[in-house]
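Each chain gets a letter, A, B and so on, in the order the sequences are listed, and its residues count up from 1.
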2 protein chains.
Amino acid sequence: MAGMADGRAAKGGKPTLRDVAELAGVSSMTASRVLRGDPRASAATRERVQAAADELGYMPNHMARSLRLGEGTGLVGLLVTNLANPFYSQLALGVDSVLAPHGLKTVIANTKQDPVTERELVDDLVARRVDGIVAVPASTDQRHLATAAAGGVPVVLASRPPEGFEADCVLVDDFGGARRATEDLLAQGHRRIGFVGSPRTVYTGTERLKGFTDALDAAGLPVDERYVRQGQKTTGEATLAARELLSLPDPPTALFCSNNRNTIGAYHAIRAAGRSTALTGFDDFELADALGLPLTVVAYDTDQLGRRSAELLVSRIRPADRPPSGKPRRITVPTELVTYNSGGKQVR
Amino acid sequence: MAGMADGRAAKGGKPTLRDVAELAGVSSMTASRVLRGDPRASAATRERVQAAADELGYMPNHMARSLRLGEGTGLVGLLVTNLANPFYSQLALGVDSVLAPHGLKTVIANTKQDPVTERELVDDLVARRVDGIVAVPASTDQRHLATAAAGGVPVVLASRPPEGFEADCVLVDDFGGARRATEDLLAQGHRRIGFVGSPRTVYTGTERLKGFTDALDAAGLPVDERYVRQGQKTTGEATLAARELLSLPDPPTALFCSNNRNTIGAYHAIRAAGRSTALTGFDDFELADALGLPLTVVAYDTDQLGRRSAELLVSRIRPADRPPSGKPRRITVPTELVTYNSGGKQVR
DNA sequence: CTGTTAGCGCGTTCAA
DNA sequence: TTGAACGCGCTAACAG
C-alpha cells in the first residue's frame, strides 16, 4: 500500500495520461475521454481505463489542462500587508469562501508593508497568470496594480479605492464612521480628543482622520495638531504614541484610534497611565468586550468586505450571465457604532 | 496610458513569446534567450527584443515554463480548518514567510472543519501539482494526505503527527504543557478542575487531555468525567460548555481549556457567572493580558511552528545540499507557562 | 466508438 | 549568434 506504483512513477514525476493509456492498451485520447466522463467510450474500455488510472493513482494535471484549453489558472492572488492581523485573515477567509465554490484558489501575497515586495508580488502573480487579484495595497502608489489591470488581469480593491486607474472596489464608510464616533465623544462632553492613526499614506487612515476633524469642525472646535499621532503600524508603536498624548501637559480626555492595531495599543497605554480616558476606535475585534473599560468601536463586517470583493472579482472572471458593464463598480460597506461596557454590548 | 497594447492583446490573452519575437523580427527562440538573460545574443537583437517586450508588456508565462522544464509549480498548499482563528493565520504567515524567499507561493485550502471538503481540497491541490503541502488535518483520518504523500507530494504536518503514513511533522509539547499547567493549578490548591476542550478526534485536544489527567493521577486525584467537556469548536460553544460546568452542584474552582477558542469561551462564562474561578488555557492570544482576571496560558511560538514546518517542507522540495534522509523527521516546539494578572506578565 | 493530428507557451537539443 | 525541430501533459477537431 505504501509502495510507489510501478515503472513510470520511478522516473520521478506523477503518472501521465499516456501511462494510463498504455497500461489500459488504448490511446491517450480515449483515456482522456473516459477519465473526463465523456460518454463516447464503450463500457469495456471505460472499465479498463478506470482500472489503470486507479492502479497508477492517476490525477489529471490541472495546469497542463488549462494551458491546452486556454482557460485561466483558477488562481486568485490576495494581496495584503499582514495576514496575522485579524482584519486581513478575516478578509482572506471571506474572499476564499466565495472563490472556492467557483473552483478558484486563493494565493497569499503578503507584503509585510514593503512597497518593493508588493511590486514584486504583483509581478509574480501576473507571471503566474492568476485569473484576478484582490488587493489591499499599502500605499496610494498603485502603479503595479494599474499595470496588471491594464494587462487584462481583473483587480478588485478592498477597503481602498483605486488610484490612477479604474477598478472595482469595496470600501468601508470610513469618513462617516469616524465622524459619527467623534460626534459621540463630543456628545459625551469631551473637548480634548486625541487621534492615534495609521500613516498618512494609508487611505483609510486619512479618510478616518477627515471624519474626525470634520466632526470637530462642525462642533466649532479647532483641531489641535499636538493631539494627532500618525504612522504607527504595530500595537507597540501605538502604545508609545498614545502614551505621549497622555503625557501632554493638557492631556486629551478621550482617544480616537483609526484601526484595531492602534486601538489595542492605546488601550495598553491607558491602562498603564491609570487615568480614566475614553477610548474609541475604528474596527471591531475579538475580546473588545472584555477589556474592563468602556470601549466604543466603529464596527463593520470584515467577512462581508471580503465576500463582496470576491463577488465583484468573480463577475469579471466568469461573466456568467451578461458580463458586467465595463464601468468600475464601487460598493460601500456600512458601519455601526458599538459600545462595550460593563452593561454588555450596545449597538447604535 | 490606460489603453491596451495593440493587436495581439485584443485577441483576448496576454502577449506571448512569439508576439514579442514577431514584433522584434526574430525567432521565438532568440526572444526567449534574450528575455532570460542568456548571453548568447548580439547586443543589437537584445535591444530590439527588449524593446518589443516592453512595448507589449510581456510577462513570461510561469506555468507554461514550468510545464516545459518539468519543474514544479512553485505552489504549496496550506491546509487549515479556519483561517480566521489567529492560530491558523499566524501559522500561515510563518509558513509563507519561509516559502516566499524560495519562490514558493502559499495556496489557501480552508476546510471549514468539514472532512469531505478537506479530502476534496487535498485532491485539488494534488491535481494542481503543488510542490508540497503543509497541513493541519482536522481528524486522525488522514488517508487523503497519505495518498498524496504516496503519490510523491511532500507533506508536512503542523501540530499533529501523521497517522497511518510517514511524513515530517512539527509538534507542540501538548502533553508536557498541559500537565505542567494542571500541576500549577493543583499547586494553587485547586481540587476540582474542569476541562473544556476540542473534540476527541483532534490530536491536540486528546493529548492535552492526557497531560491534564496525568497530572491529576500523579496527585492522586480521580478524573471526574462530569468535569470534562469536549467537542466545542467555537467560542460560543465553549461558553455554553463552561457554563454547564459552573452550574454543577459542586462546580469546579478552576478550568483548564485545551485551546484558544475554548479559553476565550470559558472566560465569558466565568465573567457571566460572576464567581471567582481560576482560568488556564492552552495557546496564548492577543489581549490575554487584558481580561481583568488572572489568566495562565500554555504559550508557544506559533510563528515558529509555521516556519519550522515550512523549512522541513522546503528541504524536501529543494534538496539543496545533500537531500535529507528519507526518514520522517519530528520536531517538537517547547511551551512555557505564562501568567497574566494585574501584576503584569510572568513567564515560567 | 476510437485514433491521429495539431498546438496551448515555453525551452532544451541540435544543427546551421 | 541564430533557428528548426521536438516535447512537457493535455484535449478540441477531425478523421476512420
Which listed nucleotide (D/dT2, D/dC8, C/dG3) is nearest to the side chain of B/Leu67? D/dC8
Determine which pairs satisfy salt bridge (charged side-chain N to carboxylate O under 4.0 Å, His left out) with at least one residue from residues 135-159 of chain B, sequence neighbours left out, and list them in order. B/Asp141-B/Arg143
In whole Å, I'd like the distance from the CD atom of B/Glu71 to the P atom of C/dG9. 19 Å
Once you round it to whole Å, what is the distance between P of D/dT1 and CG of B/Asp38? 10 Å
If the condition is side chain to side chain donor-acceptor pair (under 3.5 Å), which residues does A/Asp303 pass it with, not counting sequence neighbours? A/Arg307
Nearest whole Å is fine: how far is C/dT2 C1' from A/Glu22 CD? 17 Å
May I have the step-by-step check of side chain to side chain donor-acceptor pair (under 3.5 Å) for A/Ser315 and A/Arg329, ending in yes or no? CA-CA 11 Å; A/Ser315 75; A/Arg329 292 162 293 176; 2.8 Å; yes
Residues A/Asp168 and A/Arg330 bridged, charged N to O under 4.0 Å: no
Among the nucleotides C/dG3, D/dG9, D/dG3, which one has an atom lying closest to any side-chain atom of B/Ser27? D/dG3
With sequence neighbours left out, which residue pairs that include part of residues 30-39 of chain A fulfil the side-chain hydrogen bond (donor to acceptor under 3.5 Å, both in side chains) condition? A/Ser27-A/Thr30, A/Ser32-A/Arg36, A/Asp38-A/Arg40
According to the salt bridge (charged side-chain N to carboxylate O under 4.0 Å, His left out) rule, which pairs have a member within residues 93-115 of chain A, sequence neighbours left out? A/Lys105-B/Asp124
Whole-Å distance separating the NZ atom of A/Lys14 from the C1' atom of D/dC8: 16 Å
Partner of A/Leu78 under side chain to side chain contact (heavy atoms under 4.5 Å, CB included), picked from A/Val136, A/Ile108, A/Val134, is A/Val134
Name the nucleic acid region contacted by A/Ser66, choosing base, sugar-phosphate or nothing; use a 4.0 angstrom heavy-atom cut-off, strictly under. nothing
Could you encode protein contacts along nucleotides 10-16 of chain C as a string, one character per nucleotide from 5' to 3', using B for base contact, S for sugar-phosphate-only contact and - for no contact, with a heavy-atom cut-off of under 4.0 Å? BBB----
Side-chain H-bond candidate by donor/acceptor type, A/Ser66 with A/Arg129, under 3.5 Å: no
Roughly what angle, to 10°, lies between the helix axis at the start of the helix from C/dC1-D/dG16 to C/dA16-D/dT1 and the one at its end, five pairs per end? 50°
A/Arg48 CZ to C/dC1 C1', in whole Å, measures 13 Å
Exercise: do A/Arg160 and A/Thr140 side chains pair donor with acceptor under 3.5 Å: no
Less than 4.0 angstrom between a side-chain N/O of A/Ser42 and OP1 or OP2 of C/dC1, yes or no? no
